[in-house]
Amino acid sequence: MRFHASASSLPMIFFAFLVTLVACNAPPVPLDDIVIEKTFTPERCDRAVKSGDFVRYHYNGMFPDGKKFDSSYDRGTTYNVFVGRKQLIAGMDKALVGMCVNERRLVKIPPQLAYGKDGYGDIIPPESILHFDVLLLDVWNADDKAQIQTYHKPEKCGRIVQVSDYVRYHYNGTLLDGTLFDSSHTRMRTYDTYVGIGWLIAGMDQGLLGMCVGERRIITMPPSLGYGEHGDGSDIPPQASLVFDVVLLDLHNPKDEIAVEVQSLPDSCTRKSVEGDFMRYHYNGTLLDGTFFDSSYSRNRTYDTYIGKGYVIAGMDQGLLGVCVRERRRITIPPHLAYGEEGTGTKIPGSAVLVFDVHIIDFHNPSDKVEITSVKPEKCSYTTKRGDFIKYHYNATLMDGTYIDSSHSYGKTYDVVLGAGQVIPGMEQGLLEMCVGEKRTLVVPPHLGYGERGVGKVPGSAVLVFDIELVNVEEGLPDGYMFVWNDDVSPDLFSEMDRNKDLEVDTTEFSDYILRQVNDGKGRLAPGFDPHRIIENMYSNQDRNKDGRITADEFKLKADEASTHDEL
């Protein structure tokens, strides 16, 4: 379908076209005042420009037809100036008031508030309306101080940063518009320094004071407390406000000593550790901010060492003195008593404060003897001695109560000959001079137990605790004897043994005779040993020429040889 315009309508269309052409080339409409169009407004505006503030901003300057006459971008530097001090054309002085950092404005300024009837040289003609596309990057005032905003604070804060403390912290450093200029996180190492003695820019010196480990702060500072009129020559421009997002990881003072916090104590503590003791303990090691670096638990074995002798870091040497077995304590150690300025090169950074949560398993001294606690029966007619054959029950644990073994679990007593090396030396000592029915608790140091290597469930260098009860005792023979006569020795001993009268005594004749004397109560074999092994040994000692026969010449009475105690 086609439309046809009437003849009378054509002049009107032509007139409208002419008006349009005239409007495009028409001179700007005169302005009475500046006109502001906010082309971008940030979500947050912590501070708006006031008269007297110093600002840094970028701009493009244009004529109303879009022709550019000036630009800070082209010069590669912001325009830096005080507002309201007639350092700007009047329209710009007005236009910047109320702006926020990162806000963008299109400002139209009439000639009377710009360069008026004179213009500006060959750049700006007289009576020019000027348009400025302005982006505000920074604002501060000569009266500004460092501003501190804490956005995270730990529940516990045992200590805050003070002048002359040494701190380790992470930070992100930005300009006020959010431009990143530096970060410790990107270098993957903390910034480590003294506070309050001029090692930092003044605003950071102020902003770190009063912080707790684990606290997070945003520290905003004017250039007078940062890098001032000249910036840092690279990433921080002149007259720039700085914003640091800081998390404090560590602090100490060179005068600090270790700090000890006792977390739990045993019900009884008969002895506290002293210098020279050998100790077994478990620990978790962290940095002051809680970062884990080591644990004995992860290796499933205690840390074993002498204390007070320089075998461990100085702070641990001090912190382990005066502890009880089963005590738990937290030891906080400043770096000069730990790994110093260098750290370990791996998990412990330089100048790091260390925190050890320790659990004391046991300790002993190389000079320790068996510790005996006894409960005796009302009547005691005989006490044990070396050579006695005894039967007893026991429960064995480590000092921290860890179960090791028990005779009750086997349903029978443990039977040994005292002095025969059948038990550890500490048990030998602890079983002497006991009465039947007596109960004892023995604390046995490792050098009288299983030594540095341990055995089975017993770790190396472990102190042992035995709860024992003597059930029965059979009196032994004098020291070194395996057989003794209860009656006088028969003068016809050889002929009594030689039952077939062949003038030789064989092993069967010898064994039968000795066993008959024992059964008749005329002699005794050492209790607790295999009687046949004892008799074999006696026969071997008597058989001088080792031909398997004993003759009358070989046969000698016990009394004839004082050096042997198991012969006749």
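Please read these numbers as outputs of a predicted model, since none were measured by experiment.
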Taking all non-hydrogen atoms of both residues into account, name the closest pair between V161 and L248 and its distance.
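The pair with the smallest heavy-atom distance is CG2-CD2, 3.5 Å.
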Search all heavy atoms of K457 against all heavy atoms of Y403 and return the closest pair with its distance.
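Here K457 and Y403 meet closest at NZ-CE2, 4.1 Å.
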Do NZ/NE/NH1/NH2 and the carboxylate oxygens of [X] and [Y] come within less than 4.0 Å?
{"X": "R326", "Y": "D267", "value": "no"}
{"X": "R328", "Y": "D357", "value": "no"}
{"X": "R47", "Y": "D53", "value": "yes"}
{"X": "D289", "Y": "R168", "value": "no"}

Pairs under 3.5 angstrom only: tabulate donor-acceptor contacts from the side chains of residues 108-121 to other protein residues two or more places apart or in another chain.
from, atom 1, to, atom 2, distance (Å)
Q112, NE2, L31, O, 2.9
Q112, NE2, D32, O, 3.4

Taking salt bridge (Lys or Arg N to Asp or Glu O under 4.0 Å) as the definition, give me every residue that meets it alongside [X], ordered by chain and number, with sequence neighbours left out.
{"X": "D177", "result": "none"}
{"X": "D256", "result": "R159"}
{"X": "R453", "result": "none"}
{"X": "D368", "result": "R271"}

Does the side chain of Y57 come within less than 4.5 Å of V81's, by heavy atoms?
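Touching, per the 4.5 Å side-chain cut-off.
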Looking at E341, I want to see if its CD is surrounded by more than 12 non-hydrogen atoms of other residues, nucleotides or ligands under 6.0 Å.
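Not buried by this count: 12 neighbours or fewer within 6.0 Å.
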Could you give all pairs that pass the side-chain hydrogen bond (donor to acceptor under 3.5 Å, both in side chains) test and reach residues 84-100, with sequence neighbours left out?
D33-K94
